[in-house]
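The basis for the numbers below is simple: all heavy atoms, side chains too, and nothing from hydrogens, waters or symmetry mates.
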2 protein chains.
Amino acid sequence: MASARQISGPCQAWPEDGAFIREVLDRIGDKWTVLVVSTLSAGVLRYSDLQASIPGISQRMLTQTLKHLERDGLISRTAYAEVPPRVEYELTDLGRSLLEAVSAMADWAATHHREIAGNRAVSERTGVGRGRASAGAARE
Amino acid sequence: MASARQISGPCQAWPEDGAFIREVLDRIGDKWTVLVVSTLSAGVLRYSDLQASIPGISQRMLTQTLKHLERDGLISRTAYAEVPPRVEYELTDLGRSLLEAVSAMADWAATHHREIAGNRAVSERTGVGRGRASAGAARE
DNA sequence: CTGAATCCCGACGGATACTG
DNA sequence: CAGTATCCGTCGGGATTCAG
């Protein structure tokens with residue numbers, strides 16, 4: 001999910017259920033949310049702790065992700081007005097419940113990733129999913 | 001997940017588990033996969049059926065999503081060499097298992113979306129998650 | 001009818017510099 | 001230490017057009 005979030009009008013399908021699925025998927029679908037949440041499962045952590053625990057993340061993305069998570073009530077932020085500023089982040093109960101749900105997904109992934117990888121490899125050889133993955137030189 | 005895929009080196013965190021979580025999240029995280037899969041839960045459908053059943057989708061995205069799903073073995077594609085071309089798509093067992101997992105997520109979403117929406121509304125008023133969502137006119 | 005190819009804008013997100 | 005602001009490249013994905 002990259003662009004198109006509020007631009008195109010009527011996108012919410014799923015006849016009866018709702019659009020909150022997309023709301024949630026937009027959250028856990030981005031590169032860092034799951035990493036941050038799973039890292040916070042360890043307990044209370046400071047900004048720099050998170051940055052250190054999550055190798056590839058930039059300040060920009062860490063801050064943004066934390067804000068989104070805080071806004072949705074998945075984590076709590078506690079700032080101490082000290083001379084060396086200290087801010088602690090912690091999962092809320094809601095955040096922990098999300099972690100459980102995500103873990104279920106991870107469980108599924110762990111169970112089937114081999115099968116998926118296998119199918120992908122076969123498709124590679126038979127030239128099925130030649131859409132844009134690998135294939136190397138489509139036109140460039 | 002826009003840029004940074006193979007450029008910055010060590011991005012896969014999650015100490016022990018693995019990176020297939022991201023593999024899966026990259027798949028269900030995009031805007032259309034879940035919609036297509038859930039639509040296909042109805043049974044065998046043709047290309048045009050899918051396009052008609054999923055309001056906002058473009059041919060490009062439908063084709064691309066279908067290819068990815070086929071490549072991963074989540075759906076099967078059957079083309080009939082007839083004069084009016086006919087192609088039918090159907091969920092595989094693997095695809096159905098994904099649907100179950102996604103339904104679990106949807107379940108969680110349905111259970112907590114009110115709470116999340118509430119938190120978000122409060123943060124809106126107290127000006128917490130002023131990162132980039134809503135806020136309307138931050139500077140533009 | 002089922003795609004494939006192309007154009008193009010805007011969002012995602014990394015790097016860097018600056019502030020309290 | 002904990003962010004904020006800005007620049008800018010990359011990529012997602014909608015619209016359109018062409019082909020089998």
Side-chain angles (χ1 to χ4, degrees), chain A residues 1-11 25-27 29-33 35-36 45-52 54-68 70 77-89 127-133 135 137-140, chain B residues 1-11 22 25-27 29-33 35-36 45-52 54-68 70 77-89 127-133 135 138-140:
Chain A
M1 104 231 26
S3 56
R5 186 89 40 127
Q6 65 281 57
I7 48 176
S8 54
C11 272
L25 287 178
D26 277 349
R27 195 105 326 288
D30 70 72
K31 211 174 173 180
W32 303 113
T33 301
L35 277 305
V36 170
L45 290 177
R46 304 176 52 171
Y47 187 89
S48 47
D49 292 334
L50 285 166
Q51 191 162 20
I54 306 174
I57 203 168
S58 60
Q59 310 89 320
R60 177 160 150 66
M61 281 303 104
L62 178 54
T63 301
Q64 182 177 319
T65 303
L66 288 171
K67 277 193 174 174
H68 284 157
E70 184 195 5
R77 189 190 111 120
T78 312
Y80 299 90
E82 305 173 355
V83 181
R86 182 162 54 105
V87 181
E88 293 182 340
Y89 293 93
V128 173
R130 192 64 58 87
R132 112 179 2 235
R139 49 168 279 271
E140 319 178 24
Chain B
M1 65 219 65
S3 55
R5 184 90 39 129
Q6 64 282 55
I7 48 175
S8 55
C11 269
R22 280 247 45 88
L25 287 178
D26 277 350
R27 194 107 326 287
D30 70 70
K31 210 175 174 180
W32 302 112
T33 300
L35 276 306
V36 170
L45 290 176
R46 304 177 50 172
Y47 186 88
S48 47
D49 293 334
L50 285 166
Q51 190 162 20
I54 306 174
I57 202 168
S58 61
Q59 310 90 319
R60 177 159 153 66
M61 280 305 103
L62 179 54
T63 301
Q64 181 177 320
T65 304
L66 288 171
K67 277 193 174 175
H68 284 158
E70 184 195 6
R77 190 190 109 116
T78 312
Y80 297 91
E82 304 172 356
V83 182
R86 182 161 54 103
V87 181
E88 293 182 342
Y89 293 93
V128 172
R130 192 64 58 89
R132 125 179 351 238
R139 47 168 280 271
E140 318 176 26

Pick out the pairs of N or O atoms, protein on one side and nucleotides 18-20 of chain C on the other, that lie under 3.5 Å.
none

Interface polar pairs with nucleotides 16-19 of chain D, N/O, under 3.5 angstrom:
none

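Of all nucleotides listed (C:dT2, D:dA2, D:dG13), D:dG13 comes nearest to the side chain of B:M61. Out of C:dG13, D:dT4, D:dA2, the shortest distance to the side chain of A:T63 is found at D:dT4. Distance from the side chain of B:Y47 is smallest to C:dT2 among D:dG3, D:dT4, C:dT2. Checking D:dG13, C:dG14, D:dT4 against every side-chain atom of B:K31, the shortest atom distance belongs to D:dG13.
In this structure B:Y47 satisfies the side chain to side chain donor-acceptor pair (under 3.5 Å) test together with B:T63, sequence neighbours excluded. Here A:T65 pairs with nothing under the side chain to side chain donor-acceptor pair (under 3.5 Å) rule; sequence neighbours left out. Not counting sequence neighbours, the partners of A:S48 by the side-chain contact (heavy atoms from CB on, under 4.5 Å) test are A:R46.
Atom CG in B:L35 sits about 12 Å away from atom P in D:dG13, given to the nearest Å. Residue A:E70 contributes atom CD, which lies 13 Å from atom C1' of D:dG3 at whole-angstrom precision. Between the CZ atom of B:R86 and the C1' atom of C:dG3 there is a distance of 17 Å, rounded to whole Å. Computed from coordinates, the B:L66 CG to C:dC1 C1' distance equals 14 Å when rounded to whole Å. Residue A:I57 contributes atom CD1, which lies 13 Å from atom P of D:dG3 at whole-angstrom precision. In this entry the distance linking CD of A:Q51 with C1' of C:dG14 reads 13 Å, nearest Å. When the P atom of D:dC1 is taken as reference, atom CG of A:L50 falls 14 Å away, rounded to whole Å. If you measure from atom CD of A:E82 to atom C1' of D:dG3, you get 16 Å, rounded to the nearest angstrom.
A distance of 10.0 Å separates CG in B:L25 from OG1 in A:T33, rounded to the nearest 0.5 Å. To the nearest 0.5 Å, atom CG of residue B:L62 and atom CD1 of residue B:I57 are 4.5 Å apart. How far CG of A:L66 is from OH of A:Y89: 5.0 Å, rounded to the nearest 0.5 Å. For the atom pair CE of A:M61 and CD1 of A:I54, the computed distance is 12.5 Å after rounding to the nearest 0.5 Å.
Direction of the helix axis in the helix from C:dC1-D:dG20 to C:dG20-D:dC1 shifts by 30° between the two five-pair termini, rounded to 10°.
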Under 3.5 Å, which donor-acceptor pairs do the side chains of residues 79-86 of chain B form with other protein atoms, sequence neighbours left out?
unit_1 : atom_1 : unit_2 : atom_2 : d
B:Y80  : OH     : B:E88  : OE1    : 3.2
B:E82  : OE2    : B:R86  : NH2    : 2.9
B:R86  : NH1    : B:E88  : OE2    : 3.1

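When heavy atoms are screened at a 4.0 angstrom cut-off, A:Y80 is found touching no nucleic acid atom at all.
A:V87 approaches A:R77 most closely through the heavy-atom pair CG1-CG, 3.6 Å. Taking both residues in full, the closest heavy atoms of A:K31 and B:R22 are given as O-NH1, 3.4 Å, listed atom of the first, atom of the second, then distance.
Regarding contacts with the backbone of D:dG3, every side-chain N or O of A:K67 stays at 4.0 angstrom or more from both OP1 and OP2.
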